[in-house]
Every structure is written in C-alpha cells, then in structure tokens.
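Heads up, the thing below is written out as structure tokens.
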2 protein chains.
Amino acid sequence: MVAEVVERYLRRDGYDVHAVHDGQAALSAFDQFRPDLVVLDLMLPGLDGIELCRRLRTRGDTPVIMLTARSEEIDKLLGLGVGADDYVTKPFSPREVVARVKAVLRRARQPAVSDDGESVRFGDLRLNGRSRSVEDGRGPIPLTAREFDLLFHLASHPNQVFTRDQLMTSVWDYAFAGDSTTVTVHIRRLRAKIEADPARPRHLKTVWGVGYKFEP
Amino acid sequence: MVAEVVERYLRRDGYDVHAVHDGQAALSAFDQFRPDLVVLDLMLPGLDGIELCRRLRTRGDTPVIMLTARSEEIDKLLGLGVGADDYVTKPFSPREVVARVKAVLRRARQPAVSDDGESVRFGDLRLNGRSRSVEDGRGPIPLTAREFDLLFHLASHPNQVFTRDQLMTSVWDYAFAGDSTTVTVHIRRLRAKIEADPARPRHLKTVWGVGYKFEP
DNA sequence: GCCGATCCTTACGGATCGCTTACGTTCTTG
DNA sequence: CAAGAACGTAAGCGATCCGTAAGGATCGGC
C-alpha cells in the first residue's frame with residue numbers, strides 16, 4: 001500500500017523502481033539489480049528491517065533511506081550502529097520521499113573514491129584498491145591484507161565514525177564475531193606504518209567511547 | 001464553541017494553548033506567543049481566514065492546520081496559493097484534530113538535513129551525526145561521546161522540551177537508572193563548550209520546573 | 001521581599017576505555 | 001614440511017571520562 005504509492009511517484013519522476021515486500025526478496029533483488037539507492041520500510045515481515053539494513057551496509061555503501069513510524073526509533077537505530085543516509089517519519093507525503101531520494105542521490109554522486117582504478121588520495125597518502133597498494137611521500141608502504149582492508153574501508157568513508165563492531169562486520173568476514181580488541185591492535189599496527197607520529201595520529205583518529213575514523 | 005472543545009482536548013494532551021476568536025487577535029497573539037503551530041478555523045469573523053493564513057505564512061514557516069467546512073474548499077484554497085500543512089474537514093472529532101496536531105508537529109521537528117552528510121545546521125552551529133563532529137563559526141568543537149549524544153538528541157528535536165528523566169532514558173544506556181543530576185552536569189559542560197556566554201545560553205535553554213530544550 | 005524549590009557550579013574519586021606489549025596460533029611461502 | 005609472517009587474544013597500565021555530592025545562586029509563588 002505505502003510501497004505502491006511511493007513507487008508510482010518515483011516512476012513519475014523517471015526513476016527505475018523495483019519494489020519487493022520482504023527482507024529475503026530485498027536481498028536477492030539487491031544482488032540482481034545493484035540499485036543506486038534503497039528505500040527501506042522498517043515495518044517489514046520476514047527479515048527485520050534493522051538486520052536487512054545492516055546486511056545491505058556490508059554489501060557496499062549504497063545509500064539507504066528509512067521510513068520509520070516514530071522519530072524516537074531513529075535514536076534507537078543510531079544507538080545500534082545502524083545508520084541510514086536519511087530518514088522519513090510517518091506520516092509522510094510521497095512527495096517528501098521523492099525529495100529525499102533526489103537529495104541523497106545528489107549527495108552520493110560525489111564519491112570519495114575516484115573513478116580511475118579505485119584510487120583514493122589524501123594529501124601525500126595514496127591508496128589504490130585495485131593494486132592494493134599504499135604510498136606516501138617517502139615511497140610505498142607494505143601492508144598486510146587485513147591492514148589494507150581496514151585502512152581502505154576507513155579511508156573510503158572519510159570522517160565517518162565506525163565502532164569496532166561495525167568495522168568487525170564490514171572489514172572482517174561477515175560471520176566472524178571475534179573480540180573487538182582485534183580492531184584496536186590492527187589500528188595500532190596501521191598507525192605504526194602510515195603515521196609520522198603514531199602517538200599523535202593525523203589520519204587514524206580515535207573517537208573516545210565510540211570507535212575510529214579516518215580524517216583526510 | 002468548536003474552539004473551546006478543541007482547546008480542552010489539546011490541553012489534556014499537555015499542549016500549551018492560546019485561543020483567540022478573530023483574525024486581528026490571532027495576529028497579535030501570534031507575535032506575542034510565537035506558537036509552534038496554528039489551528040485555523042476558516043469560518044472566521046473580521047479578517048477572513050484566507051488572508052490570515054497568507055499573513056501567517058509571511059511571518060515564518062510555522063505549521064498551520066485548517067478546519068474547513070467542505071473538502072471542495074481545499075481545492076479552492078490550493079488554487080489561491082494558500083496552502084496549509086494539513087486539513088481537517090467538518091464534521092470532525094476533537095480527537096482527530098489532536099492527532100493531526102501531533103503528526104504535523106512531529107513532521108516539523110524533523111531536522112533540516114543539508115547536503116553534506118547527516119548534518120544539522122542552526123545558524124552558525126553545525127552538527128554531523130556521521131562524523132560525530134560539531135563546529136561553530138570559530139571552528140570544530142571537541143565533545144565527548146555523552147556530550148555529543150545529548151546535544152544531538154536535543155538538536156534533533158528543536159524546541160521540544162525534555163525532562164531529565166526522559167533524556168536519561170533516551171540518551172543514556174537503556175537500563176541505566178542513575179541520578180538525574182547527571183543530566184544537569186552534562187548540560188553545563190555542553191554550555192561551556194558551545195555557548196558564547198554559558199551563563200546566558202542561546203541554544204540550550206532551561207525550562208524551569210521541567211527540563212531542557214534546544215532552541216535554534 | 002521572603003522562603004522554598006530548583007538549578008548552577010565546582011571538585012574529586014571511581015569506572016571505563018584505549019594503548020601497549022607480549023605470546024601462542026594459524027596461515028603463507030619456499 | 002619447515003620457517004617466517006600475519007593474525008588474534010590476553011593482561012597491565014595510563015589517560016580520559018563520567019557520575020555524585022555539596023554548597024552557592026537563582027527563580028517563582030505568596
């Protein structure tokens with residue numbers, strides 16, 4: 001019902017829409033169509049919306065807009081580390097949803113990762129996702145596999161704060177539920193390699209009580 | 001008659017109501033009390049309701065709910081370029097009006113999300129939920145985890161008053177049942193950091209006998 | 001203008017969190 | 001298969017933050 005109305009409005013604005021009605025279908029449709037954006041109604045049968053959002057997040061950084069019943073839910077979600085790119089609380093008008101979709105897509109069109117072989121550059125620091133190499137002004141820096149994945153994930157979302165658990169599930173294998181101090185140690189090893197003064201890191205910043213973020 | 005009934009129902013739900021009975025009084029009351037929302041009956045002596053609505057619109061973006069006799073009137077109003085945020089057509093129950101008021105206020109409380117991430121902006125003050133950063137005109141402001149959560153929660157619901165207990169349960173850990181003076185101290189620390197004159201706060205206002213609210 | 005209630009302010013000890021180091025296990029490579 | 005690298009875990013330590021209490025200031029009602 002809600003989905004149909006929103007779908008019609010989006011189509012009228014020229015968007016290509018695939019609507020599904022439960023979490024499982026959402027995941028497979030996601031893998032099939034690779035959408036530019038997901039509009040997610042939290043009132044979802046089957047897989048619950050929170051878990052679905054989390055899984056979508058592990059499949060890349062496709063923007064997600066959430067439809068929630070109450071604004072207090074947003075706080076709860078943020079507390080659970082499940083963030084969306086935007087939220088629309090009910091009751092909402094379909095026009096409002098369309099407006100948010102436009103805004104989020106406009107935002108997402110300016111990728112932090114550039115087009116030429118997935119390379120990211122921050123001042124003297126350069127990462128290349130294709131060759132999995134890192135170098136700074138002094139030359140190439142040898143990183144291990146995990147170290148690179150961790151750094152690349154952080155650097156691909158500059159300034160965004162991740163909890164250790166978030167990093168655990170997005171950088172490490174999905175089912176791995178190890179101790180989150182693992183992240184701490186890897187951050188330390190990374191700092192020792194890429195920071196000029198590891199005790200006072202310039203890029204890999206600690207956010208006390210929360211986690212880590214990469215600052216350009 | 002209608003006004004009295006609606007007024008009583010709204011008060012019962014905790015709203016602070018000022019009722020007036022003609023257009024002139026409405027305008028001066030509006031300027032005096034700066035309400036969060038206006039419920040406007042179109043059958044109005046003196047200034048007619050359409051003209052009043054238009055004038056209210058020029059005074060800011062305070063939400064307006066209109067009570068109209070017939071649904072065809074709504075089309076006429078829209079044709080005149082006089083839009084409200086919601087409409088209730090007669091006959092209606094007072095409960096329905098209260099429900100609409102709640103819904104519109106909830107919608108209006110949605111923070112203005114700008115283009116660069118999940119940031120909220122109030123004049124010179126900018127919060128970003130993704131990077132958990134705050135800055136004002138002079139530069140970034142370092143906040144601790146709790147401080148940020150508290151400020152973000154308040155700023156995400158501007159003008160809404162929260163009791164200390166409410167803040168305790170929504171910002172702090174779910175099961176935490178600590179002393180509510182904790183909130184007081186955190187508010188103070190926040191003021192010391194984000195207010196130009198902490199003794200006379202511009203944003204983090206005390207509502208005597210109740211709690212705190214964030215004013216844009 | 002007084003009095004009680006409420007809020008502000010300050011300081012400090014405990015609790016939490018992150019850093020660091022070291023060591024055993026697993027994976028990779030020759 | 002063996003050696004070395006990479007990885008995950010544990011424990012001690014230090015820095016940071018947080019909650020509480022107590023006294024002073026301020027507000028609002030009478």
Side-chain angles (χ1 to χ4, degrees), chain A residues 81 132 134 141-154 161-169 171-195 197-215, chain B residues 16 132 134 141-154 161-169 171-214:
Chain A
R132 297 180 63 86
V134 180
I141 303 173
L143 295 185
T144 71
R146 282 285 147 76
E147 283 164 9
F148 181 84
D149 289 339
L150 179 58
L151 176 61
F152 191 76
H153 185 264
L154 287 168
V161 182
F162 296 91
T163 67
R164 291 179 175 72
D165 285 333
Q166 280 178 323
L167 292 170
M168 212 75 213
T169 57
V171 174
W172 273 254
D173 280 346
Y174 173 69
F176 188 85
D179 194 345
S180 64
T181 62
T182 296
V183 177
T184 310
V185 174
H186 274 270
I187 288 285
R188 162 167 165 66
R189 288 171 181 152
L190 265 176
R191 280 178 178 156
K193 288 185 177 180
I194 73 165
E195 296 283 2
D197 180 5
R200 295 187 175 182
R202 208 192 109 198
H203 297 296
L204 293 171
K205 297 279 181 113
T206 301
V207 182
W208 231 88
V210 187
Y212 298 99
K213 70 175 169 180
F214 183 93
E215 273 189 5
Chain B
D16 188 17
R132 298 180 64 88
V134 180
I141 303 173
L143 296 185
T144 70
R146 283 283 147 75
E147 284 164 8
F148 182 85
D149 289 338
L150 178 59
L151 176 61
F152 192 77
H153 184 264
L154 286 169
V161 182
F162 295 93
T163 67
R164 292 178 174 73
D165 285 333
Q166 280 178 325
L167 293 170
M168 210 75 214
T169 57
V171 175
W172 271 254
D173 277 347
Y174 177 68
F176 188 84
D179 194 345
S180 66
T181 62
T182 296
V183 177
T184 311
V185 174
H186 274 271
I187 288 285
R188 161 165 166 65
R189 288 172 181 153
L190 267 176
R191 282 178 177 155
K193 288 185 178 179
I194 74 165
E195 296 283 3
D197 181 4
R200 296 188 175 178
R202 208 191 110 197
H203 296 296
L204 292 171
K205 297 279 182 112
T206 302
V207 181
W208 232 85
V210 187
Y212 300 99
K213 70 175 170 178
F214 182 93

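Below, chains carry the letters A, B, ... as their sequence lines are ordered, and counting in each starts from 1.
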- Message: Could you walk me through whether F148(A) and V134(A) satisfy the side-chain contact (heavy atoms from CB on, under 4.5 Å) test, starting with their C-alpha distance in whole Å, then the side-chain angles of each, then the deciding distance to 0.1 Å, before giving a yes or no?
- Response: CA-CA 8 Å; F148(A) 181 84; V134(A) 180; 3.7 Å; yes
Item to complete: Given side-chain contact (heavy atoms from CB on, under 4.5 Å), test L154(A) with L167(A) step by step and report yes or no.
Response: CA-CA 9 Å; L154(A) 287 168; L167(A) 292 170; 3.9 Å; yes
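Going from atom CZ of R146(B) over to atom P of dT16(C) covers 11 Å, rounded to whole Å. Rounded to an integer number of Å, the gap from CD of E147(B) to P of dG19(D) is 11 Å. The nearest whole Å value for the distance from the CZ atom in R132(B) to the C1' atom in dC17(D) is 14 Å. Distance CD1 (I187(A)) to C1' (dG8(D)): 15 Å, rounded to an integer number of Å. The separation between H186(A) atom NE2 and dT20(C) atom P is 16 Å, rounded to whole Å. Rounded to an integer number of Å, the gap from L190(A) CG to dC19(C) P is 13 Å. At whole-Å resolution of the value, NZ in K193(A) and P in dA6(D) are 6 Å apart. Regarding F148(B), its CZ atom lies at a distance of 15 Å from the P atom of dC17(D), rounded to whole Å.
Using a 4.0 Å cut-off, some side-chain N or O of T144(B) falls inside it from OP1 or OP2 of dC18(D). Contact check, W172(A) against dG8(D): a side-chain N or O comes under 4.0 Å of OP1 or OP2. Look at Y212(B) and you won't find any side-chain N or O under 4.0 angstrom from OP1 or OP2 of dT6(C). Under 4.0 angstrom from either OP1 or OP2 of dT16(C) there lies no side-chain N or O belonging to W208(A). For the pair R189(B) and dC18(D), the criterion of a side-chain N or O lying under 4.0 Å from OP1 or OP2 is not met.
Between H153(B) and W172(B), the ring centre distance reaches or exceeds 6.0 Å.
Residues T181(B) and L143(A) both approach DNA chain D. Their nearest nucleotides, taken by heavy-atom distance, put L143(A) toward the 5′ side. Positionally, the nearest nucleotide of DNA chain C for V207(B) lies more toward the 5' end than for the other of V185(B) and V207(B).
For residues 191-205 of chain B, the set of pairs meeting the salt bridge (Lys or Arg N to Asp or Glu O under 4.0 Å) definition, not counting sequence neighbours, comprises E147(B)-K193(B), K205(B)-E215(B).
The base of dG18(C) has none of its N or O atoms less than 3.5 Å from a complementary donor or acceptor on the side chain of R191(A). Checked by distance alone, R188(A) brings no side-chain donor or acceptor within 3.5 Å of a matching partner on the base of dG8(D).
In this structure, A199(A) reaches neither bases nor backbone, as no heavy-atom distance under 4.0 Å exists between it and the strands shown. Base contact: T182(B) has a heavy atom under 4.0 Å from a base atom. At a threshold of 4.0 angstrom between heavy atoms, the contacts of R164(B) are confined to the sugar-phosphate backbone, with no base atom among them.
When all heavy atoms are compared, the tightest approach of G211(B) to V161(B) is N-CG1, 4.4 Å.
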